[in-house]
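These notes concern the structure reproduced below.
Heavy-atom basis, side chains included; hydrogens, waters and symmetry copies ignored. Chain A is the first sequence line, chain B the second, and so forth, proteins listed ahead of strands; every chain is numbered from 1.
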Protein chains: 2
Amino acid sequence: MRAVVVSGLAVAQPGWGVDAASQLNQKEAKMNSRLFTFLGGDVGQWKIVGSKNIVGDSLPAARKLNIVSGAVTALPDGARWLLRGITSNERYVTRPEKEQLVSRQPGLGRPEADCAALIPIRKNAQWWALTQDERRKVFEEQSRHTATGLKYLPAVARRLHHCRDLGESEPFDFLTWFEFARADSAAFDRLLIELRATPEWAFVEREVEIRLIRDAA
Amino acid sequence: MRAVVVSGLAVAQPGWGVDAASQLNQKEAKMNSRLFTFLGGDVGQWKIVGSKNIVGDSLPAARKLNIVSGAVTALPDGARWLLRGITSNERYVTRPEKEQLVSRQPGLGRPEADCAALIPIRKNAQWWALTQDERRKVFEEQSRHTATGLKYLPAVARRLHHCRDLGESEPFDFLTWFEFARADSAAFDRLLIELRATPEWAFVEREVEIRLIRDAA
């Protein structure tokens, strides 16, 4: 047995008998990674200024958040928790909605956006037993998820990470990362209140809200 | 640094500071695993009787297929390739379609179903750039994917495994596993011909068809 790390990075390594063209694709995939790891601990680009468990269990307290592109194969000293997710295709938006989003959504890393939120969410078994048309109906026709999000553009930048299909035992289904300027904090609070009041949120069985500011140190 | 395997099994281990309730969920998740590993090599419950690359690169030749529930953390001696995927919620079916599927689809492992096929597929970037409504339109309204599959029930049992969001460098997006009796082999061949003639298949950039019989030895 050759010991290998079975992570997103290690399937079909050189020497596993997979052809050269495929290995090239592996290499390209690593360079354009969709996987992000969020580490709560003593180091990181972002200072944690608050953590609330909205529903279900909380996460252990940590001082800083370190966002790493790609997989982390060892838990650094001082890290209290590790969450990871992968960016993917959107599951609910229609073409007209997508076009509105694309035309209005800002990128991450704006210098003025020194506030952030990491919101890990898990939905319940009832949600995942719904069919696609039923989930879409709750998500948009009943809850106006995309329409509500659009109202807060371009103030709030957002990146959604999927965890549910990353492995069999991820603690959350989604990690949503938001960035906004301090002046838009109150607007961001309203966005959360609006979304949490919708029928979609009846399917949320675990939600933690971690608020952060860019670490000047 | 404590070295840990970052796989579906290892996020939020005891000692990582994640609460006890969450650890219990991890344990439950391991017992009801959605993750399956397919190993092509010298051992396994299924004998490989043919392997065709339909489009794109082939897989290395192997004699047997071993299907393992859960993650494999070391590549066994003699294994030529490893593919893995996770069962997940359906992405396209409506409630009426789902009800028809549920009422007619057989389970895996029927004693009379001694033939099988493993069909790994990757769809191209154009497919993944489509919005949900556009993908549904190609999948069902144009290609009748579910309706065609329904015609071959209950002869053909099927389990779909998703790989695309498992990690950043999986060689395929889906692994579909089929089981059927020898008497239904010709019907299964027709199912493949029907599906491959549809508009949906214009988005398939890699497809391998591996045919198997249950290994008596």
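Side chains of B:Trp128 and B:Asp173: a donor on one and an acceptor on the other come within 3.5 Å.
Taking all atoms of both residues into account, the shortest heavy-atom contact from A:Leu65 to A:Trp177 is CD2-CZ3, 3.5 Å.
Counting heavy-atom pairs under 4.5 Å between each of B:Gly78, B:Ala129, B:Ser88 and chain A puts B:Ser88 at the top. Most heavy-atom pairs under 4.5 Å with chain A, from the set B:Asn89, B:Thr87, B:Leu130: that is B:Asn89.
Here A:Arg159 pairs with A:His161 under the side-chain hydrogen bond (donor to acceptor under 3.5 Å, both in side chains) rule; sequence neighbours left out. Taking the side-chain hydrogen bond (donor to acceptor under 3.5 Å, both in side chains) definition, one finds that A:Trp201 meets it with A:Glu207, sequence neighbours left out.
Within the 4.5 angstrom heavy-atom criterion, only side-chain atoms of A:Glu134, from C-beta onward, approach chain B. When heavy atoms are compared at a cutoff of 4.5 Å, A:Arg164 approaches chain B by way of both its backbone and its side chain. Looking at A:Ala62, there are no atoms closer than 4.5 Å to chain B (heavy atoms on both sides), in backbone or side chain.
Tested against A:Gln45, the residues A:Leu212, A:Ile67, A:Asp215 include a single side-chain contact (heavy atoms from CB on, under 4.5 Å) partner, A:Ile67.
B:Arg63 has a carboxylate O that lies under 4.0 Å from a charged side-chain N of B:Asp42, or vice versa, which qualifies the two as a salt bridge. Classification of B:Arg122 and B:Glu205 as a salt-bridged pair holds, one side-chain N sitting under 4.0 Å from a carboxylate O. Using a 4.0 Å cut-off between charged nitrogen and carboxylate oxygen, A:Arg84 and A:Glu170 count as a salt-bridge pair. Ion pair A:Arg158/A:Glu179 not flagged as a salt bridge, since none of the NZ, NE, NH1 or NH2 atoms sits closer than 4.0 Å to an Asp/Glu carboxylate oxygen. Between B:Asp57 and B:Arg206 there is no salt bridge, since no side-chain nitrogen of the basic residue lies less than 4.0 Å from a carboxylate oxygen of the acidic one.
Of all residues spanning residues 95-104 of chain B, those with a heavy atom less than 4.5 Å away from chain A's heavy atoms are B:Arg95, B:Lys98, arranged by number. When the heavy atoms of residues 140-157 of chain B are compared with those of chain A, none of the residues falls under 4.5 Å.
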